[in-house]
Amino acid sequence: MGKMPSALESDLSYRNLIHQVTSRDVFDQISNGGMSAYAGFDPTSNSLHVGHLLPLLTLRRLQENGVRPIVVAGGGTGMIGDPSGKSAERNLLEPDLLASNLRAIEAQLGRLLDFDSPNLSTRAVLVDNSSWLSGLSLLEFLRDVGKHFSVSQMIAKDSVKLRLERSQGGISYTEFSYMLLQAYDFAWLYDNYNCKIQIGASDQWGNITMGIELIRRLRGAESWGITIPLLTQGDGTKFGKTESGSVWLDASKTSPYELYQFFLNTSDADIGQLMKYFSFQTPEGIEELIKLTASEPEARRAQRALAGEVVEMVHGTESLSSAKRISESLFSTSIDRLSEKELNEAFGNAPSSKISMGLLAGPGISLLEIMAQSGLEKSLSSARRTVTQGGAYVNNQKQTDPELVIDSSYLLCNRYLVLRKGKKTFHVVTFA
RNA sequence: GGGUCGGUGUCCGAGUGGCCAAAGGAAGCAGACUGUAAAUCUGCCGGCUCAGCCUACGGGGGUUCGAAUCCCUCCCGGCCCA
């Protein structure tokens with residue numbers, strides 16, 4: 001046979017986005033048009049994080065190739081919890097928390113996928129599986145869905161097996177049922193949106209194939225699954241986690257500046273693959289940047305390009321330029337020469353806190369106390385440690401005396417104090 | 001319901017009467033080297049009025065000069081049996 005792969009298939013292959021696929025035929029189907037593909041996620045938080053980006057951007061790549069993306073928020077299954085990749089039983093989500101999470105996430109999705117396309121056949125849609133799961137009766141479910149699966153088959157799934165093999169923990173019946181609900185989701189989407197493709201991270205393979213199986217049994221129809229790689233960082237840890245927690249897409253949880261820095265700090269070893277995963281540049285452009293990384297790594301051209309692209313996509317052009325300006329002033333120029341306007345620009349999104357001006361009056365307030373109160377350090381003890389170890393800076397000037405007392409003469413523009421811990425952790429204290 | 005094993009610091013995990021703020025590992029923080037990278041090395045890694053003191057080993061009570069370690073009780077979890 002040896003057909004030429006479609007443009008989409010070769011692009012996804014180039015980017016290593018295809019971990020497994022039930023059948024390569026799916027790309028022919030896509031070329032023929034009229035297909036929908038869905039990816040689901042659990043709305044366990046009020047924001048998406050960078051880890052969610054990969055499946056969503058993969059949907060976007062499909063959308064650009066004529067596929068209609070369906071994002072399924074697991075409002076119903078979110079109350080259950082997917083055992084895949086989890087070592088422990090999930091806490092169940094409260095319904096009202098779930099609802100508010102969904103509202104917040106909806107806004108973010110609009111930046112990643114086209115929900116306003118005039119072309120109905122490719123316009124993205126967001127659906128919440130609680131809209132069909134919550135009305136499903138147990139008897140109905142057991143009769144229509146449960147009877148199609150054998151327990152021995154379900155127990156054999158890796159996600160379940162791993163949990164059963166653990167000497168402690170086990171798996172509850174609730175979580176055990178998760179895969180059936182996800183299978184039911186797929187079947188429901190098949191019936192209601194004519195959706196025949198599901199994509200997900202590689203740990204979703206088992207759940208996806210169960211959905212395909214269910215559709216075959218229920219409707220005698222074919223459907224497809226594509227899994228994408230599970231993102232890890234160079235050291236094998238989960239992608240998108242930093243010392244301060246997850247890297248969120250919500251600007252109030254992770255500022256555009258921090259998001260920019262997150263990608264800018266990608267290691268040389270990882271940047272090539274990350275470009276392929278996240279960037280919408282052409283393969284030629286990406287290869288060029290990879291070459292530049294090899295020849296002059298210290299310039300970090302690829303890192304800058306990727307950071308810029310992601311921040312612009314998630315937060316817009318304005319936020320990107322402000323993120324770049326902040327980076328400039330923090331790492332390239334001396335901050336005590338900045339005007340108040342520039343300071344605001346630079347630190348508007350940086351972690352900040354307010355401390356009463358009154359504390360500065362008279363003898364002043366100790367640096368340690370400011371560091372602890374501002375939240376830069378969690379206790380006086382750890383503030384003392386940082387100062388003693390030479391990791392503390394006030395207005396970019398190293399301070400090594402733990403007894404240092406700060407008075408109003410330290411203030412920038414009469415009210416700001418820029419604290420820095422180590423090389424990259426900044427914190428602005430505003431006195432009022 | 002019965003039996004049994006277990007609940008230790010951010011996590012994993014030693015410790016079974018004093019030498020325990022508690023081994024070891026991971027994560028994290030700072031420093032050095034660099035490129036705001038990786039790797040490596042060094043130090044730190046409960047709190048405080050910081051070379052001393054306070055609070056801690058699931059909760060409560062008890063034994064003891066002294067308990068994470070022993071006893072009682074309660075709570076929670078694993079496994080096995082019913």
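The model shown is predicted, which means the values in this text are computed figures rather than measured ones.
The number of heavy-atom neighbours closer than 6.0 Å to CD of A/Gln397, taken from other residues, nucleotides and ligands shown, is 12 or below. Environment of CD in A/Glu318: sparse, with no more than 12 heavy atoms of neighbouring residues, nucleotides or ligands closer than 6.0 Å.
Across all strands shown, B/rU55 has no partner, as no Watson-Crick or G-U wobble contact with both distances under 3.5 Å is found. Summarising the base pairing, B/rU16 is matched to no nucleotide, lacking a Watson-Crick or G-U wobble pair whose two defining distances lie under 3.5 Å. Nucleotide B/rC33 has no partner under the Watson-Crick or G-U criteria, as no pair reaches both atom distances under 3.5 Å. Remark: B/rG9 base-pairs with no nucleotide in the shown strands. Criterion, Watson-Crick or G-U wobble with two distances under 3.5 Å. Look at B/rA67: it lacks any Watson-Crick or wobble partner with both distances under 3.5 angstrom. Nucleotide B/rU49 is matched to nothing when pairs are restricted to Watson-Crick or G-U wobble geometry with both distances under 3.5 angstrom. Checking B/rU4 for Watson-Crick or G-U wobble geometry (two distances, each under 3.5 Å) identifies B/rG78 as its partner.
Within 4.0 Å of A/Ser379, counting heavy atoms only, lie sugar-phosphate atoms of the nucleic acid but no base atom. Among the protein residues, A/Gln261 comes within range of the nucleic acid bases, having at least one heavy atom under 4.0 Å from a base atom.
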Show, in sequence, the C-alpha distance, side-chain angles and deciding distance for A/Ser202 and A/Gln20, and conclude whether the side chain to side chain donor-acceptor pair (under 3.5 Å) test is met.
CA-CA 7 Å; A/Ser202 55; A/Gln20 290 180 93; over 6 Å; no
Full working for salt bridge (charged side-chain N to carboxylate O under 4.0 Å, His left out) between A/Lys291 and A/Glu287:
CA-CA 6 Å; A/Lys291 238 180 266 168; A/Glu287 288 305 315; over 6 Å; no
If you apply the rule salt bridge (charged side-chain N to carboxylate O under 4.0 Å, His left out), what do you find for A/Glu340 with A/Arg415, and how did you get there?
CA-CA 10 Å; A/Glu340 174 157 14; A/Arg415 50 187 164 140; 2.6 Å; yes
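B/rA56 and B/rC20 are spaced 11 Å apart, taking the C1' atom of each and rounding to whole Å. Distance noted for atom P between B/rC48 and B/rC80: 46 Å (whole Å). Nucleotides B/rC70 and B/rU16, compared at atom P, are 9 Å apart to the nearest Å. Separation of the P atoms belonging to B/rG6 and B/rU69 is 14 Å when rounded to the nearest angstrom. The same atom, P, is picked in B/rG9 and in B/rA22; the two are 15 Å apart, to the nearest Å. Only the C1' atoms considered, B/rA27 is 39 Å distant from B/rG3, to the nearest whole Å. Using atom P as the reference point in both B/rG62 and B/rA30, the two lie 46 Å apart (nearest Å). The same atom, C1', is picked in B/rG28 and in B/rC76; the two are 29 Å apart, to the nearest Å.
When rounded to the nearest whole Å, the span between CG of A/Leu292 and P of B/rG35 equals 18 Å. For the pair A/Glu377 CD and B/rG28 P, the interatomic distance rounds to 16 Å; values are reported in whole Å. Atom NZ of A/Lys424 and atom P of B/rG35 are 14 Å apart (whole Å). Atom-to-atom, CZ of A/Arg304 to C1' of B/rA37 comes out at 12 Å; the value is rounded to the nearest Å. Note: CG (A/Leu380) to C1' (B/rC50) measures 11 Å, nearest angstrom. Residue A/Met371 contributes atom CE, which lies 11 Å from atom C1' of B/rC29 at whole-angstrom precision. In this structure, CD of A/Gln303 is placed 14 Å from C1' of B/rU34, rounded to the nearest angstrom. Going from atom CZ of A/Arg384 over to atom P of B/rA30 covers 18 Å, rounded to whole Å.
Ring centers of A/Phe186 and A/Tyr38: under 6.0 Å apart, within the cut-off.
No donor-acceptor contact under 3.5 Å links the side chain of A/Ser382 to the base of B/rC44. Between the side chain of A/Lys378 and the base of B/rU10, no donor-acceptor pair of N or O atoms lies under 3.5 Å. A donor-acceptor contact under 3.5 Å is not formed by the side chain of A/Gln389 with the base of B/rG31.
Here the side chain of A/Thr386 is nearest to one of B/rC29, B/rA37, B/rU36, namely B/rC29. Of the candidates B/rG35, B/rU36, B/rG47, B/rG35 carries the atom nearest the A/Pro297 side chain, counting heavy atoms from C-beta on. Candidate nucleotides B/rC33, B/rG47, B/rG35 were compared by shortest atom distance to the side chain of A/Ser381, and B/rG47 ranks first.
Nearer the 5' end of RNA chain B, as judged by each residue's closest nucleotide, is the contact made by A/Ala299, out of A/Ala299 and A/Glu369. Of the two residues near RNA chain B, A/Lys398 and A/Asp268, the one whose nearest nucleotide lies more 5' is A/Lys398.
Both tests do not hold together for A/Arg304 against A/Phe263: distance to the six-membered ring centre under 6.0 Å, angle to the ring axis within 45°.
Relative ring orientation between A/Trp188 and A/Trp132 is described as parallel, the plane-to-plane angle staying below 30° on a 0-90° scale split at 30° and 60°.
OP1 and OP2 of B/rU36 both lie 4.0 Å or more from every side-chain N or O belonging to A/Lys324. Regarding contacts with the backbone of B/rG47, a side-chain N or O of A/Arg385 is found under 4.0 angstrom from either OP1 or OP2.
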